[in-house]
Amino acid sequence: MFYPGWIVTICCITQPDNYNFLTGRGIDVAFKVKLSFVCTAVFFIAIVICSGCVQTEGSEEKVLRVALTTGPDTGGSLDPSISWEGWPMRRTGIYETLFSYDENMSLQPELATGYKQLNDTSWEIQLRKNVTFHDGTKMNADAVIYSINRVLNSSNSRSAEYSFIKGVYKTDDYTIVVETNETYAPAILMFTDTIMSIVSPTSDLDKEPVGTGPYKFVSFEPGASIELVKNPDYWGGEPKIDRIIIQYSKDAAARTLLLKSGDVDITRDVLQSEYTTLEADPDINIVSRETLRTYFMYINEGKAPFDDVRVRQALNYVINRQEIVDTALEGVAGSPAIGIFPDIMPWSANDKIEAYDYNPEKALKLFAEAGITQGSDGRLYYNGKPFAIEIQTYTKQAAHQPMAEVIAAQFEKIGITTTIKIAETSSISADAVAGNYDLALYSWGVAPVGDPDYFVSSHFLSNGTYASTWLRYSNPQVDKWILEARAETDKEKRAELYEMIQEQVQNDAVLVCIAYKNEIDGLSPNLKGFEIYPNEYTFITKEMELA
C-alpha cells in the first residue's frame, strides 16, 4: 500500500541593551541615528559572523530567517509528547512521524515504508531502514515502540486519545505490529499526529530535541527563538539551507514589519489588513491557502440558559458570519463557516446540513420561546435581569480578538449585554472545566490527521474530553453513530454516519461555527520550495531553498 571567501576585520561594537540580536531590528531606535547603506551592510556582516553564520572560502552559508506566532510553551519543554508541543516542534523540521500528509493532504509514508492490516484489530507497519537520529542512534523498532509508549502512558495528558491502542510489539528490527482493542478505522492515520513523533530514546527531550528530520536543534530561548542547523545525513537527501533562525511573536503587526523590513524571509500569518499592500510589493511574495482550521465558539451547555437548545440556536442566528469575514478577517483571511468541517475536508457535510444564516428575527423568536424577552429599552432580559454574555478568548491567533469584538457588537445590536475577556489559554481552560464561562472563542485544526474522528470523538461523544467538560454535551444517538463510524471500514458507510453526526450536532447547536481560516504567509522572493500544508503540521522542509 506504501510499500572566494571574505576576510573581514571588525571593530568592537557595543550593543545596546534593547537591541534584538537575532533580527537586527531597531538599529535606528537603539542608536537614535540613521546608518548609511554601506554602514548598515558592514554592521549586518558583523552580526552574521558573530552569530556563527560563518562564511568560508568558496562558499556562503545559507541562513533562513523566520517569524512564527508561537513556539513551544509548556514550561520551556521541547518534548513533542507533551500536550500540543508536537505542533511547533514538527514545524521546525526536527521531528518526523511514521506517516504524514503532503501539501495536498495525500497520505504518504515517512519513517514507515508501508503497512498492511493483518485482521480487524492488528496492523503491521514496515519501518524505513538506514535512518539515524541526530545523535547517531539508529531509528528502529525499539525506538518507535519507545516513542509510541510515551504517548500511551497514563501520565500523558492526551493518552485517552490513543486508548484504542491495546499494545505495540516488534516482529523484527524494522517491523512493528499495532494491536487495537477493537476495530478502529483511522488507526494508521493517527500515526500522522505530531504527538506520535519518533524520538531518540537516549536524549533529554525536554532540553535537547533529537529526531530524524532534515534539521537539527542548536539552541532555544523560551518564548523568543529557536535555532537549527541542517542534518547532512538526512535520509531524504541533504537540505539546501544551512541554518534556520525562527523567532516567535504573537504580535501580527510586529511579524509583518519584520517581513517588510527584510529582517525575515518568511512570516506566517501576516497582518491581514496589509494583505493588499504586501501583495503589491515587488520585494514580497504573498501566498494564501485554505486550511483545516475552524474558528468557533464553545458554549457552556451545563449553565442556564445555554442548556436550552433554542438559546444556542438563537445565538447562531444572531451571528453575521459574512460581516465577521469582511471586517475582522479583512475579506481575505477566511470564509464563512457552515458546520465544523471546511469544504476542503473530504468528510465535510456542508452541502447537506442547514446553515445558520444571519436572521435576527428568528433569533428573537427563539429567545422569547426560551424565556429571554425584549424590554421596552430594546435590551434582552432573562429572569428579570439583563441577558448578559461574556466571551472569553486568547490572542495566540491574531484574528481572535477582532472577531470577538465584531461578535460582541452583533450581540449588543440585538440587545445582549456583552463583555470580552482576553486571557491565557490555561486560564480559559480552567474556567471551562470548572463550568465558569459562557462562550469561548477558539480555533482548531479540526482534521490534522485527515479523519473526522479526531475532532468528533473529543467534542461530540458523551465521554469525550471536550464534550464531557467544556461543552457538557451528550446525545445517545450521536454516541451510537460515532462508535459505529469508528469501527466501519467501508468508506461510503462511514461517510453516511458522519453526515448524520454533523447534521445532528448542527441541529443541537453544540458549537457556534464562525469561519474557516485562510493562512496568509509572506515570503522573500529569494525563497523557493515553500508550501502551505492545510493541516498546519508541516512548515520547514528540505525542499526549501534560498536562491
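We're numbering straight along the sequence, starting at 1. Keep in mind that this is a model prediction, so the values were computed, not measured.
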(message) Is it true that D326 and Q322 share a donor-acceptor pair across their side chains at a distance under 3.5 Å?
(response) yes

(request) Answer yes if the side chains of Q410 and E323 hold a donor-acceptor pair under 3.5 Å, and no otherwise. (result) yes

(message) Please determine whether side-chain contact (heavy atoms from CB on, under 4.5 Å) holds for the pair H400 and Y394, giving the CA-CA distance in whole Å, both sets of side-chain angles, and the decisive distance to 0.1 Å.
(response) CA-CA 7 Å; H400 284 181; Y394 56 100; 3.1 Å; yes

(request) Can you measure from CD1 (I416) to CZ (F387) and round to the nearest 0.5 angstrom? (result) 5.0 Å

(request) Test Y298 against every option in F306, Y473, W470, W444 by the ring-ring contact (aromatic ring centres under 6.0 Å, His included) rule and name the one that passes. (result) W470

(message) Working note: R379 + D377, criterion salt bridge (Lys or Arg N to Asp or Glu O under 4.0 Å); need CA distance, chi angles, decisive distance, verdict.
(response) CA-CA 5 Å; R379 310 299 295 175; D377 58 357; 5.6 Å; no

(request) Kindly indicate whether the side chain of V151, heavy atoms from C-beta on, has any atom under 4.5 Å from the side chain of R158. (result) no

(request) Measure from the side-chain N and O atoms of N156 to the backbone N and O of S81, and report whether any donor-acceptor pair falls under 3.5 Å. (result) yes

(message) A side-chain contact here means heavy atoms from C-beta on lying under 4.5 Å apart; do D269 and R255 qualify?
(response) yes

(message) Looking at E424, I want to see if its CD is surrounded by more than 12 non-hydrogen atoms of other residues, nucleotides or ligands under 6.0 Å.
(response) no

(message) Aromatic contact between Y498 and F341, with the criterion being ring centroids under 6.0 Å apart: yes or no?
(response) no

(request) Could you list the residues that satisfy side-chain contact (heavy atoms from CB on, under 4.5 Å) with N285, not counting sequence neighbours? (result) L523, P525

(request) Kindly indicate whether the side chain of V66, heavy atoms from C-beta on, has any atom under 4.5 Å from the side chain of D265. (result) no

(request) Start with the C-alpha gap between V406 and M403, add the side-chain angles, then the distance that decides, and say whether side-chain contact (heavy atoms from CB on, under 4.5 Å) holds. (result) CA-CA 5 Å; V406 178; M403 289 179 76; 6.0 Å; no

(message) List the residues meeting side-chain hydrogen bond (donor to acceptor under 3.5 Å, both in side chains) with E488, not counting sequence neighbours, and say none if there are none.
(response) none

(message) side-chain contact (heavy atoms from CB on, under 4.5 Å), that's the test. Do L315 and F367 meet it? Break it down for me.
(response) CA-CA 9 Å; L315 291 174; F367 278 138; 4.0 Å; yes

(request) Please name all residues satisfying ring-ring contact (aromatic ring centres under 6.0 Å, His included) with F530, sequence neighbours left out, ordered by chain then number. (result) F539

(request) Please test E361 against K365 for salt bridge (Lys or Arg N to Asp or Glu O under 4.0 Å), starting from the C-alpha separation and ending with a verdict. (result) CA-CA 6 Å; E361 292 79 17; K365 183 175 182 295; over 6 Å; no

(request) Show your reasoning for whether ring-ring contact (aromatic ring centres under 6.0 Å, His included) applies to Y356 and Y317. (result) CA-CA 6 Å; Y356 284 102; Y317 284 120; 5.0 Å; yes

(request) State, with a plain yes or no, whether a side-chain heavy atom of Y162 is found less than 4.5 Å away from one of I148. (result) no

(message) For a quick check under 3.5 Å, do S468 and N463 share a side-chain donor-acceptor pair by atom type?
(response) no

Taking only distance into account, with no hydrogens and no angle test, what donor-acceptor pairs under 3.5 Å do side-chain atoms of residues 426-433 form with protein atoms, sequence neighbours excluded?
from : atom 1 : to   : atom 2 : distance (Å)
D431 : OD2    : Q392 : NE2    : 3.3
D431 : OD2    : K421 : NZ     : 3.1

(request) Specify the closest pair of heavy atoms between G445 and P448, including all atoms of both residues, with the distance to one decimal. (result) O-CD, 3.0 Å

(message) I'd like to check the ring-ring contact (aromatic ring centres under 6.0 Å, His included) partners of Y184; sequence neighbours left out, ordered by chain and number.
(response) F164

(message) Does any part of the side chain of I520, heavy atoms only, come nearer than 4.5 Å to the side chain of E279, both counted from C-beta?
(response) no

(message) Can you confirm whether I266 sits close enough to M544 that some side-chain heavy atom of one is under 4.5 Å from a side-chain heavy atom of the other?
(response) yes

(request) Answer yes if the side chains of R321 and N316 hold a donor-acceptor pair under 3.5 Å, and no otherwise. (result) yes

(message) Please report the interatomic distance CG(D79) to CZ(R150), rounded to the nearest 0.5 Å.
(response) 4.0 Å

(message) Any non-hydrogen side-chain atom of F460 less than 4.5 Å from a side-chain atom of Y466?
(response) no

(request) Without swapping roles, check the side chain of N300 against the backbone of G302 for a donor-acceptor pair under 3.5 Å. (result) yes

(request) Apply salt bridge (Lys or Arg N to Asp or Glu O under 4.0 Å) to E536 and R268, showing your working. (result) CA-CA 11 Å; E536 302 180 37; R268 189 166 185 254; 3.2 Å; yes

(message) What I want to check is whether the side chains of R486 and S457 have a donor and an acceptor closer together than 3.5 Å.
(response) yes

(message) Nearest 0.5 Å, please: how far is CG in L380 from CG in L364?
(response) 6.0 Å

(request) Could you walk me through whether R494 and D451 pass the salt bridge (Lys or Arg N to Asp or Glu O under 4.0 Å) test, one step at a time? (result) CA-CA 11 Å; R494 282 193 86 206; D451 192 271; 2.8 Å; yes

(message) So if I apply the salt bridge (charged side-chain N to carboxylate O under 4.0 Å, His left out) rule between R90 and each of E85, E96, E110, which one comes out positive?
(response) E110

(message) As a test of understanding, state which of V325, L329, I324 forms a side-chain contact (heavy atoms from CB on, under 4.5 Å) with I514.
(response) I324

(request) Compute whether any side-chain donor of one residue and acceptor of the other, for D193 and Y537, lie under 3.5 angstrom apart. (result) yes

(message) Testing the 3.5 Å rule here: is there a donor-acceptor pair between the side chains of N518 and S288?
(response) no

(message) For the CG atom of D508 and the CZ atom of R312, what is their distance to the nearest 0.5 Å?
(response) 6.5 Å

(request) Enter the distance from L278:CG to I286:CD1 here, rounded to the nearest 0.5 Å. (result) 4.5 Å

(request) Can you run down the salt bridge (Lys or Arg N to Asp or Glu O under 4.0 Å) pairs that involve residues 330-354, sequence neighbours left out, and say none if there aren't any? (result) K352-E499

(message) Has T256 got a side-chain atom pairing as donor or acceptor with V270's backbone, closer than 3.5 angstrom?
(response) no

(message) Salt bridge or not between K303 and D438? Use side-chain N to carboxylate O under 4.0 Å.
(response) yes

(message) Using a strict threshold of under 4.0 Å (side-chain N to carboxylate O), is an ion pair present between K260 and E274?
(response) yes

(message) Any heavy-atom pair between the side chains of W84 and I195 that's under 4.5 Å?
(response) no

(request) Please report the closest heavy-atom contact between E290 and I344, naming both atoms and the distance. (result) OE1-CG2, 3.2 Å

(request) Indicate whether the side chain of N104 and that of S106 have a donor and an acceptor atom separated by less than 3.5 Å. (result) no

(message) Please find the pair of heavy atoms, one from T393 and one from A404, that lie closest to each other, and give the distance.
(response) CG2-CB, 4.2 Å

(message) What's the separation between atom CZ in R65 and atom CD1 in I245, rounded to the nearest 0.5 Å?
(response) 8.5 Å

(request) List the steps and the verdict of ring-ring contact (aromatic ring centres under 6.0 Å, His included) for Y101 and Y533. (result) CA-CA 8 Å; Y101 284 98; Y533 286 67; over 10 Å; no

(request) State yes or no: are the ring centers of F296 and Y516 separated by less than 6.0 Å? (result) no

